[in-house]
Every structure is written in structure tokens, then in C-alpha cells.
**Q** 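My structure is below; once you've seen it, I'll send some questions.
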2 protein chains.
Amino acid sequence: MASKRATLADVARLAGTSPTTASLILNGKPDTRFSADAHRRVHDAVAQLGYRPNMGARALRTDRSLTIGFISDVVATTRFASGLIRGALEEAEKAGHVMLVLETGGDPARQDEAVGAVLDRQVDGIVFATMRARELVMPSLPESTRVVMLNATSPQFGLSVLPDEESGGRSAVDLLAAAGHTEGIALIGQNDEVEDDLFRSATVARRVHGLRSEVKALGLSLLTEESCWEWEPENGYRLTAELLDRRPDVTSLLCMNDRLAFGAYQACQERGLTVGRDISIVSFDNDELAAYLRPGLTTIGLPHEAMGHQAVQLLLSEAAPGERLIEMPVVERSSISVGDTESSTALLARERLDARRKHARDTIPTP
Amino acid sequence: MASKRATLADVARLAGTSPTTASLILNGKPDTRFSADAHRRVHDAVAQLGYRPNMGARALRTDRSLTIGFISDVVATTRFASGLIRGALEEAEKAGHVMLVLETGGDPARQDEAVGAVLDRQVDGIVFATMRARELVMPSLPESTRVVMLNATSPQFGLSVLPDEESGGRSAVDLLAAAGHTEGIALIGQNDEVEDDLFRSATVARRVHGLRSEVKALGLSLLTEESCWEWEPENGYRLTAELLDRRPDVTSLLCMNDRLAFGAYQACQERGLTVGRDISIVSFDNDELAAYLRPGLTTIGLPHEAMGHQAVQLLLSEAAPGERLIEMPVVERSSISVGDTESSTALLARERLDARRKHARDTIPTP
DNA sequence: TCAATATGGTAAAAGCATTTACCTACATTG
DNA sequence: CAATGTAGGTAAATGCTTTTACCATATTGA
């Protein structure tokens, strides 16, 4: 029966009106323009035929397609990226939009192709997401195209959404201090060297800067900083093992990411130290891994989903250029032992932590 | 300068031809239809203006949008699903298509909306992907809409792409047997009970069936089957710990997934058993986790990426209905100790394993 | 020389929704 | 009575591409 899709002309015919009238009734804001009867007839016809407008035809006329382009370098290769997509997808759906997802692998040629492909489909805007490069050089676009950079910045497009790494760094320190760990804190995995990996150097710099300034703000100091290049379990293991053997006075580990922490767990266990009791660990990313570890790893999460939401929201609003920083959630599990939580430093740390959380709640409107 | 997008009319004007001619030259197969000079002029104009056809307008006329819809219940929630997307994305790009990705969370209302939304955009076909339900009830679609089910089946749509779970089960057993483990093999995590989770019961049944029949085919038998409901590390740990204490003669563990194996590792380590030397473990899924473990976990991977490729390929071809089973890759790491690899059983197992691999290579054309 | 057939092209319709400019019939106002 | 409004509605243009049907002109064959 539904052999052919109904068109507006069909609706008009069935309702006994002109297509103009039908269109005006279906799209016009001032409902008073036509008689109540005409309204009824048109809506009945729509329901009866199951009419839905053809978006291609509409876009042709209105230049709005209710479609947005999401172009990323890698979505699936990196285990986190899907959070960005999911957030964006949800927000798009909420706004009645649909999302064209393309991947470029970071290759400029494919990137150009991707931009062309979405432009050919008259998207209402483009989100450029990345997990690798920080500064993205983009093909030039028509003036009117709305663009937001997601987890990236670009010299050409001013609007970007990033995790608030500095604030995250601060939170990690506060977490330790609030639990009473005011000395014997080691930083594992930081790396101050100039890197050619722009992405990492930018995020690392902010994260480390946050850590260090919070340490200072609380009047503390780090016992040691153990640096390494690859943030993989091996290095976490090695660094921690060496450190533990060298400095028996270490009480807490700040790991730059969860994989390093994973290695650190192993080193601790081997030495008979129970994490969350004899030694405290806090790290970054909230990798899937973090939930599997025993005891659960307390970590400062990357707010990918919230970032995705925010990006699409900004894309569809008339937002002004600028960097939008999204608070990194602290996810507390059981890798921090509790000591003297009543010291003035602990109190101060908790206060600062809470203030930051509150600020985040007030700032990002995304649920 | 490029203030407005060039249209075909612009091209025609610049080339000094009619739009008809320009269109025919750009799309027509028989290149001889027009003069060489006309060809040149049109192509020059295209290059000069950077003309690209407006897909909406084209789709209006031709009913082909070079766009496909990818509708899934959950892409990001499950850590694997992104492989499906990536595979599909790559294949789509290869075919000059672009992909609209929507997520429904499994909610029928959202599912209907999603179908409507992609149909409104005149997609050339729809891939329904799922990580949860196995049998999917879909809204009714126009006859002509091409559909393929990805990691799912449906009473309404005949074409589906699934992992070859049975073959994967066989491979796991062969892997152990080929390394000389012909007795003392325990199965961890299987569950024969009737489940209301259709998805799991279908895949588990095939996987287990494969395991058991391969055991039989090699003339072996399982030492024990330890069943549990949730395939989480806790259970892997508990089941293995109990088993180890009860049966000192266990030499190998077949875990139903990598998370169970993760728990099993811990239990073994606690008892002073070195995985890959004192005890062998093989499991399923090739979770991210599997690479982090020390020693690396040998596992039978879910071929999500290949499945995504295949799905889109089938969607865009005139493929006949049926179930397409994609071979599960065996990814060998170091969790299996090597024993007597020269026994006739070991030889037989290796032979069967190789035959299956070869078959897979010949069968799935996807790189 | 007439008819047939290439050769190289074009006008116009179709596909669908939106929107501008206009129209009719009636009522009101001065 | 003429002028003005207003309520309720429509014809036709527009956005862009593809495609059908048709047109000249020149060449060839008989």
C-alpha cells in the first residue's frame, strides 16, 4: 500500500487545499492565518498518508538540512573517542538533527574529501573532532559554514571545546590532600621535554601545570617526579618498582593516566603493598580499566560525553568564538587510603575541591 | 570570492553550453556523445569553479543519495561497538558513500524516529546494528529499502552479518590442543540455562556448541565446566580460585570472555601459578584488556571491523538474503604454555586450525 | 536529387517543498 | 458610494540536477 512516499501535493489534494496552504499550515508559526477547518483537514491528511517532508527538497529551498557533519581523525582506534560521538549524537537528536559521521585518519586528503562530502549534503554545521593532533589545519570553507573544534583547536576556527585539564590536575592533588596525604606524593609519568606530538604536549602541559600549582597552593611539595615517555603499563610498573625500592617514604602516587596506574598496581602488589590501604593511587582518564582493578582506581575522568554534547550545542547556537573548558569529573573508587582528614590542609583541599565541583555544575548546562 | 557555491548552471554558462550538455558530459558513460572540445570546456569550468553537485538536488531526481543510514542500539556504551562503525565507515567511504549514524538505545520509539529520519534523507539503504538484542523487531519499511542486520537477525529482513561463534569456539579448543594440552581443560563461565537475554543466549549457545564439538572431534573431554551468569572479573576470580583449590589437575582454562580471564589471572597469580607456564588460558573477545595483561592473553577476537565492512558491502550490492558468518580471528599472545606439540592430537588440532584460517581467508573478501 | 542517418547539441519537464506576490469576497469606515 | 481592510486562500517562482524528447546541420547512400 505505501508503495510510494506521500508528497506535500498528495496531502494538499487529500485535504482539498493548495500545496501552498498545506505547507503554510504545517510550517507557519502564526496559526491563525488559515481557518480552523483547513488546519484540521491538512493535519488529518498528513496523519492518514503518513506524510513526512523530503529533507533534500526542503534543504534545496531553505538551506537548512537538519543534518550536521561530524568529522574526526579517529573515532574507534582510540578507546575514548566514542564518548565524543555519543554525546554529540544525543545532543543532535535532542535538537532534531541527524549526524553524518566521517573519519579521516588524520590524512589531509581524506579530510578535504570529507569536508567536501558533507558540504555537498548541505550540512548545517561541522564538528571537527580529534584524538591526536591538537592544532588542526583545515581546508578553507565557505564563510557561512558554522564550525566547532572538538578536543582540538585551530587557527582558523575560533570555537573549541576542550577538557579542563588544569582543573583536573588540581582535583587529583586535592583528592589526595583531602584524604590526609600531604607528603610522600610522587608524580609518575609527567614529561616536560618538548614533544612533537602536539596533542599530548598541550594536554600534558595543562594537566601538569594544574597539579603543580595546586600542590603549591596547598603549601605542599612533591616528593619526586618520575618521568617517562610512553604512558603504558610497563612504564608504570618499572617506574613504580624502582621508586618503591628507592624511597620507602612514598605514600601516594599521582599517575598521569590509568594505564600507568595499572602498572603501578602490579608493582605495589608484588611488594606486598595493598593499594588503598598501604599506598594511595590517583590517576587520569577513567579508562575502562579503572573499574576492573581491585581495588577500584580513583581517577580524574576525561569528560568526552559532555564535550560532545557541548560541541553540538554550540554549533547549533549562535555562540561566540572562544575556548570552552569542560570540567573533568572526579570518579572516586577505592585506591586512596584515608588518613587524617581533619588537618587544616585536608580541610582546605576539600573545600577547593567542592568549590570546583560546584562551579562545574553551574557552568556546564549539559545534564 | 567563493561566496556562493557554484551550480551546474554556472558551469554551463562558463563553458558556453547548456546545463543539459554539462550534466551529460559530467555523468554520461559514453564519452563520445559530445565533441572533445565541449568536454574540455566543461571540465575546465568545473575545475575553475570548484563545482560539486548538490546531493540533495541530485537525490531528488535520481533517488540515490550516496548516503547510508547506520542505526544501532548502542555504539559507545559497549566497548566493542565502535569496531562495527569503523568497518562500516571505511567500506562506505570506499564506495563513495557517507554514513548517517543514529543511536536508539534499543527504545522502539526512538528506533521508529531514527528510521523516519534516515528515510527522510533518502538513504540508499540501512544497516541495523546491535550489541544487545539478537532478534530485532523493526518498523515496517517501504518495500524498496535495502536493509542489512549487523550483529543481529530479524524475522523481517533476511540479510544479516554475524560472527562465526561456532568456528571461534572450535579454534579456542584447537589452540589448546595444538599446544599439547589434551587433558585438564576447564571451561569457565558457560551457562546453559535459558536466558531472557536473547543476544547472549544465541551467541553463547553457538560458542559453547563449537567448543564442545571440537573437544569431541579431537577425541578429548573437558575436565569440568564452571558456569556463572555475569561475565565479570569477580566471577572469573571466584570460579578459578575455587576450581584451583578443588582440582589440582587442571592445566588449562577456557574462559568465555576476556573479563573472566582477567579474574582468572588474579586467582592464578595469588596461588603462585604463572600463566603461560604453569597454566594456560585462552578466552574470547579480544578486549582491550587482553593486551595489557602480563603475559598477554591469547584470545579469539570478535571480528567487528570485518563485520562492519561486510555489512556495507552487502548493503550496496545486490546480495541475496542469508546469514553471513565472519570468521573470528585468533590472536595469539603468551597465555598458553607449550607442551607436547608432536602428539597426534596436537597435529590434528593444528591442521584443523589452519584449515579454518585458510577457509576464512578465501571466504571473506574484506582486507 | 531525395531520403536516411549521424553528429552535436538544447528546451523543458520532473522531482519536492517553500515563499513571494497576488487574488477574491466580504465587511467596515468616512 | 468609494475607499480601505481583512480573512482565507492560491499561482507561480525558486532552489539544483537529471533526463526525455526534440532540433538543426551535414553527410552518406541510392
Side-chain angles (χ1 to χ4, degrees), chain A residues 3-42 45-46 49-67 116 119-124 142 144, chain B residues 3-42 45-46 49-67 116 119-124 142 144:
Chain A
S3 74
K4 267 291 190 229
R5 208 181 149 92
T7 89
L8 186 63
D10 299 328
V11 170
R13 193 162 24 253
L14 183 60
T17 76
S18 70
T20 305
T21 303
S23 173
L24 253 20
I25 285 182
L26 293 175
N27 306 330
K29 333 278 148 150
D31 313 53
T32 47
R33 182 69 220 285
F34 292 92
S35 68
D37 191 54
H39 274 256
R40 221 210 57 248
R41 287 186 344 256
V42 167
V46 164
L49 298 173
Y51 167 74
R52 301 185 52 128
N54 176 319
M55 286 303 179
R58 169 181 286 178
L60 209 50
R61 199 66 238 274
T62 61
D63 266 323
R64 312 208 58 243
S65 57
L66 297 184
T67 303
L119 252 26
D120 292 346
R121 285 156 182 90
Q122 294 183 256
V123 292
D124 295 340
S144 58
Chain B
S3 75
K4 266 289 189 229
R5 207 181 148 92
T7 88
L8 186 61
D10 298 329
V11 171
R13 191 160 27 253
L14 183 59
T17 75
S18 70
T20 306
T21 303
S23 174
L24 254 20
I25 285 182
L26 292 175
N27 306 332
K29 333 276 146 150
D31 313 54
T32 46
R33 183 67 221 283
F34 292 93
S35 67
D37 190 54
H39 274 256
R40 220 210 59 244
R41 280 176 2 246
V42 167
V46 164
L49 297 173
Y51 168 75
R52 301 185 52 129
N54 175 320
M55 286 301 179
R58 168 181 287 178
L60 208 50
R61 197 68 239 272
T62 62
D63 265 324
R64 312 209 57 243
S65 57
L66 296 185
T67 303
L119 252 27
D120 293 346
R121 285 157 182 88
Q122 295 185 250
V123 292
D124 295 339
S144 57

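Residue numbering restarts at 1 for every chain, and letters A, B, ... go by the order of the sequence lines.
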**Q** Could you tell me how far apart B:L66 (CG) and D:dC16 (P) are, to the nearest whole angstrom?
**A**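 Spelled out: CG on B:L66 to P on D:dC16 is 19 Å.
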**Q** Let me know the distance between CD of A:Q122 and C1' of C:dT18, rounded to the nearest Å.
**A**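 Those two atoms, CD and C1', are 14 Å apart.
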**Q** What is the distance, rounded to the nearest whole Å, between atom CZ of B:R64 and atom P of D:dT19?
**A**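 Result: 11 Å.
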**Q** Kindly say whether B:A59 contributes a backbone atom to a donor-acceptor pair with the side chain of B:S65 at under 3.5 angstrom?
**A** no
**Q** Go through the steps for B:T67 and B:R121 under the test side-chain contact (heavy atoms from CB on, under 4.5 Å), then give the verdict.
**A** CA-CA 8 Å; B:T67 303; B:R121 285 157 182 88; 6.0 Å; no
**Q** May I have the distance from A:L119 (atom CG) to D:dC16 (atom C1'), rounded to whole angstrom?
**A**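 Distance, rounded to whole Å: 16 Å.
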**Q** Rounded off to whole Å, could you give me the NE2-to-P distance for the A:H39 and D:dA7 pair?
**A**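 From A:H39 NE2 to D:dA7 P: 13 Å.
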**Q** Calculate, to the nearest 0.5 Å, the distance between atoms CZ and OG belonging to B:R5 and A:S144 respectively.
**A**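 The CZ atom of B:R5 sits 10.5 Å away from the OG atom of A:S144.
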**Q** Report the nucleotide, chosen from C:dT10, D:dG8, D:dT17, that has the shortest atom-to-atom distance to any side-chain atom of B:T7.
**A**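 That would be D:dT17.
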**Q** What one-letter contact string describes nucleotides 19-26 of chain C from 5' to 3', where B marks a base within less than 4.0 Å of any protein heavy atom, S marks contact via sugar-phosphate atoms alone, and - marks no contact?
**A** BB------
**Q** Whole angstrom is fine here: how far is it from CG in B:D37 over to P in C:dG8?
**A**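 Result: 11 Å.
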**Q** Do side-chain atoms of A:T62 reach the backbone of A:R58 as a donor and acceptor pair under 3.5 angstrom?
**A** yes
**Q** Heavy atom of residues 49-57 of chain A under 4.0 Å from DNA chain D: which residues?
**A**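 Per residue number, the list reads A:A57.
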**Q** Separation of B:D63 atom CG from C:dC16 atom C1', in whole Å?
**A**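 To the nearest whole Å, that distance equals 11 Å.
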**Q** Pick out which of B:V11, B:L14, B:D10 makes a side-chain contact (heavy atoms from CB on, under 4.5 Å) with B:Y51.
**A** B:V11
**Q** Set out, in order, the CA-CA distance, both residues' side-chain angles and the distance that settles side-chain contact (heavy atoms from CB on, under 4.5 Å) for B:I25 and B:R40, then state yes or no.
**A** CA-CA 10 Å; B:I25 285 182; B:R40 220 210 59 244; over 6 Å; no
**Q** Where the side chain of B:L60 is concerned, which of C:dT10, D:dG9, C:dG15 is the nearest nucleotide?
**A**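 Given the options C:dT10, D:dG9, C:dG15, the side chain of B:L60 is closest to C:dG15.
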**Q** How sharply is the helix from C:dT1-D:dA30 to C:dG30-D:dC1 bent, taking the axes over five pairs at either end and rounding to 10 degrees?
**A** 60°
**Q** Assess whether side-chain contact (heavy atoms from CB on, under 4.5 Å) is satisfied between B:T7 and B:N54, documenting all intermediate values.
**A** CA-CA 8 Å; B:T7 88; B:N54 175 320; over 6 Å; no
**Q** Name the residue from B:D37, B:L8, B:L24, B:L26 that meets the side-chain contact (heavy atoms from CB on, under 4.5 Å) definition with B:V42.
**A**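 Exactly one candidate clears the test, B:L26.
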**Q** Grab the two heavy atoms, one from A:A12 and one from A:P19, that are nearest each other, plus how far apart they are.
**A**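 Minimum heavy-atom separation between A:A12 and A:P19: CB-N, 3.6 Å.
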**Q** Rounded to whole Å, how long is the line connecting atom CZ of A:R41 with atom C1' of D:dG9?
**A**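 About 11 Å, once rounded to whole Å.
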**Q** Could you walk me through whether B:R41 and B:T21 pass side-chain contact (heavy atoms from CB on, under 4.5 Å), step by step?
**A** CA-CA 11 Å; B:R41 280 176 2 246; B:T21 303; over 6 Å; no
**Q** Could you tell me whether B:A38 contacts a base, only the sugar-phosphate backbone, or nothing, with contacts defined as non-hydrogen atoms closer than 4.0 Å?
**A** sugar-phosphate
**Q** Do the non-hydrogen side-chain atoms of A:N27 and A:P53 ever get within less than 4.5 Å of each other?
**A**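 No, side chains not in contact.
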